[in-house]
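From a predicted model like this one, the values you see are computed outputs, not experimental measurements.
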Amino acid sequence: GVKIYNNRIADLLTSTAAVTIRGFYQFSAAFTGSPVMFYNNFIALGKDLTSNPTIYGIDVNTSATGTPTQIYYNSVYISGTASAGANNSMAFRRSVADLLIDVRDNSFYNTRTNTAGTGTHWAIGLSSSAVGTINNNNYYADGVGGVLGTTTNAAAGNQTTLAGWK
């Protein structure tokens, strides 16, 4: 299977708000084989951005059938300020419901804050509560617009406490 490990991804910049910045993006249809493994990586995004784009540290958009994705021991840090617009950020984002994903022992840290923007800044976002294994992760979201997590990838699924997240 594919193994992506020991990388440092940081300081990706753009001059327009109409884009999405992703530190790691996995997009695939159903396929079979060994697991896709993403481990021991460091991602830091958002610090010097002035254009207020949407930001996802790790974004997994794979089929709900086929090969599992394993995401272990990564550190993701989203920072900076959103001075306009409604663009959101997530340290970790799962785009589709998937029982094959395995997310363990990561740190998802989002301190992006709104100064005049209205976006939401989550530590973790899932498209639904139907998900494989998510265990032993550290979550932190702080700042204006900061929320622990969402189970709908939108404000309707906001979970503000660990008890609500479980």
Side-chain angles (χ1 to χ4, degrees), residues 4-5 9-10 20-27 35-47 49 52-83 85-166:
I4 302 165
Y5 59 96
I9 302 165
T20 299
I21 291 179
R22 294 173 172 97
F24 170 72
Y25 183 49
Q26 180 188 359
F27 179 83
V36 173
M37 299 176 71
F38 186 75
Y39 60 94
N40 291 338
N41 297 287
F42 174 78
I43 298 171
L45 303 172
K47 178 182 162 205
L49 291 171
N52 303 310
T54 299
I55 302 171
Y56 303 132
I58 298 174
D59 188 1
V60 179
N61 183 0
T62 57
S63 174
T65 60
T67 300
T69 299
Q70 298 171 335
I71 299 173
Y72 301 150
Y73 309 109
N74 298 287
S75 296
V76 181
Y77 176 54
I78 308 297
S79 64
T81 58
S83 58
N87 289 338
N88 302 321
S89 66
M90 295 181 195
F92 177 83
R93 178 179 184 238
R94 177 69 185 157
S95 303
V96 296
D98 182 357
L99 298 178
L100 297 176
I101 194 161
D102 188 354
V103 182
R104 300 181 200 200
D105 302 308
N106 300 282
S107 291
F108 300 126
Y109 187 44
N110 193 338
T111 63
R112 195 156 177 85
T113 190
N114 295 322
T115 55
T118 59
T120 304
H121 309 294
W122 294 281
I124 184 169
L126 306 173
S127 60
S128 78
S129 57
V131 70
T133 302
I134 295 181
N135 206 357
N136 296 326
N137 297 295
N138 294 314
Y139 308 103
Y140 184 78
D142 190 25
V144 177
V147 177
L148 172 69
T150 174
T151 56
T152 62
N153 279 340
N158 279 356
Q159 302 298 320
T160 58
T161 65
L162 285 175
W165 182 249
K166 292 180 181 185

**Prompt:** Hey, mind stepping through Tyr139 and Leu162 against side-chain contact (heavy atoms from CB on, under 4.5 Å) and telling me if it holds?
**Reply:** CA-CA 9 Å; Tyr139 308 103; Leu162 285 175; 4.0 Å; yes

**Non-neighbouring partners of Asp102 that pass salt bridge (charged side-chain N to carboxylate O under 4.0 Å, His left out), sequence neighbours left out** = Arg104

**Request:** Mind checking the OH-CG spacing from Tyr72 to Asn135? Nearest 0.5 Å is all I need.
**Result:** 10.5 Å

**Message:** Do Ile71 and Asn106 make a side-chain contact, defined as non-hydrogen atoms from C-beta onward lying under 4.5 Å apart?
**Reply:** yes

**Fill in**
Minimal heavy-atom distance between Ala91 and Ala123, with the atoms involved, is CB-O, 3.2 Å

**Item:** Validation row: Met90, Ile55 side chains within 4.5 angstrom (heavy atoms)
**Value:** no

**Item:** Heavy-atom closest pair, residues Ile9 and Gly23
**Value:** CD1-O, 3.4 Å

**Side chain proximity check, Ile58 to Ile43, heavy atoms < 4.5 angstrom** = yes

**Asked** Any idea which heavy atoms bring Gly125 and Asn153 closest together, and the distance?
**Response** C-OD1, 3.1 Å

**Prompt:** Are a donor atom and an acceptor atom from the side chains of Thr69 and Gln26 found within less than 3.5 Å of each other?
**Reply:** yes

**Prompt:** What heavy-atom pair brings Leu126 and Ile134 nearest, and what distance separates the two atoms?
**Reply:** CD1-CD1, 3.8 Å

**Message:** Going by side-chain hydrogen bond (donor to acceptor under 3.5 Å, both in side chains), name the residues that satisfy it together with Tyr140, two or more places apart in sequence or in a different chain.
**Reply:** Asp142

**Prompt:** Mind checking what makes side-chain hydrogen bond (donor to acceptor under 3.5 Å, both in side chains) contact with Asn52, not counting sequence neighbours?
**Reply:** Ser83

**Closest contact, heavy atoms only, Pro53 versus Arg112** = CD-NH2, 4.4 Å

**Prompt:** Got a donor-acceptor contact below 3.5 angstrom from the Asn40 side chain to the Tyr5 backbone?
**Reply:** no

**Item:** Residues in ring-ring contact (aromatic ring centres under 6.0 Å, His included) contact with Tyr56, at least two apart in sequence or another chain
**Value:** none

**Message:** What's the separation between atom CD1 in Ile78 and atom NE2 in His121, rounded to the nearest 0.5 Å?
**Reply:** 10.5 Å

**Prompt:** Strictly by modelled atom types, are Asn110 and Ser89 linked by a side-chain donor-acceptor pair under 3.5 Å?
**Reply:** yes

**Request:** Could you pull out all residues at least two apart from Asn138 that satisfy side chain to side chain contact (heavy atoms under 4.5 Å, CB included)?
**Result:** Ser107

**Message:** Is any side-chain heavy atom of Trp165 closer than 4.5 Å to one of Thr151?
**Reply:** yes

**Request:** Report yes or no: do Arg93 and Ser95 form a side-chain donor-acceptor pair below 3.5 Å?
**Result:** yes

**Request:** Could you verify whether a donor N or O on one side chain and an acceptor N or O on the other, from Trp122 and Asn158, lie under 3.5 Å apart?
**Result:** yes

**Asked** Is there a donor in the side chain of Thr62 and an acceptor in the side chain of Arg94, or the other way round, less than 3.5 Å apart?
**Response** yes

**Message:** Ring centres under 6.0 Å, that's the criterion: do Tyr39 and Tyr73 meet it?
**Reply:** no

**Request:** Kindly indicate whether the side chain of Val103, heavy atoms from C-beta on, has any atom under 4.5 Å from the side chain of Thr133.
**Result:** no

**Request:** Give a yes or no answer on whether the side chain of Arg22 reaches the backbone of Asp59 with a donor-acceptor pair at less than 3.5 Å.
**Result:** no

**Message:** Are Leu49 and Ile21 packed together at the side-chain level, in the sense that at least one heavy-atom pair is separated by less than 4.5 angstrom?
**Reply:** yes

**Message:** So, using ring-ring contact (aromatic ring centres under 6.0 Å, His included) as the criterion, who are the partners of Tyr25 when residues are at least two apart?
**Reply:** none

**Asked** Do Thr160 and Val147 come close enough that some side-chain heavy atom pair is under 4.5 Å?
**Response** yes

**Message:** Would Phe24 and Phe38 count as a ring-ring contact (aromatic ring centres under 6.0 Å, His included) here? Give the steps.
**Reply:** CA-CA 9 Å; Phe24 170 72; Phe38 186 75; 3.8 Å; yes

**Leu148 side chain reached by Phe108 side chain, heavy atoms, under 4.5 Å** = no

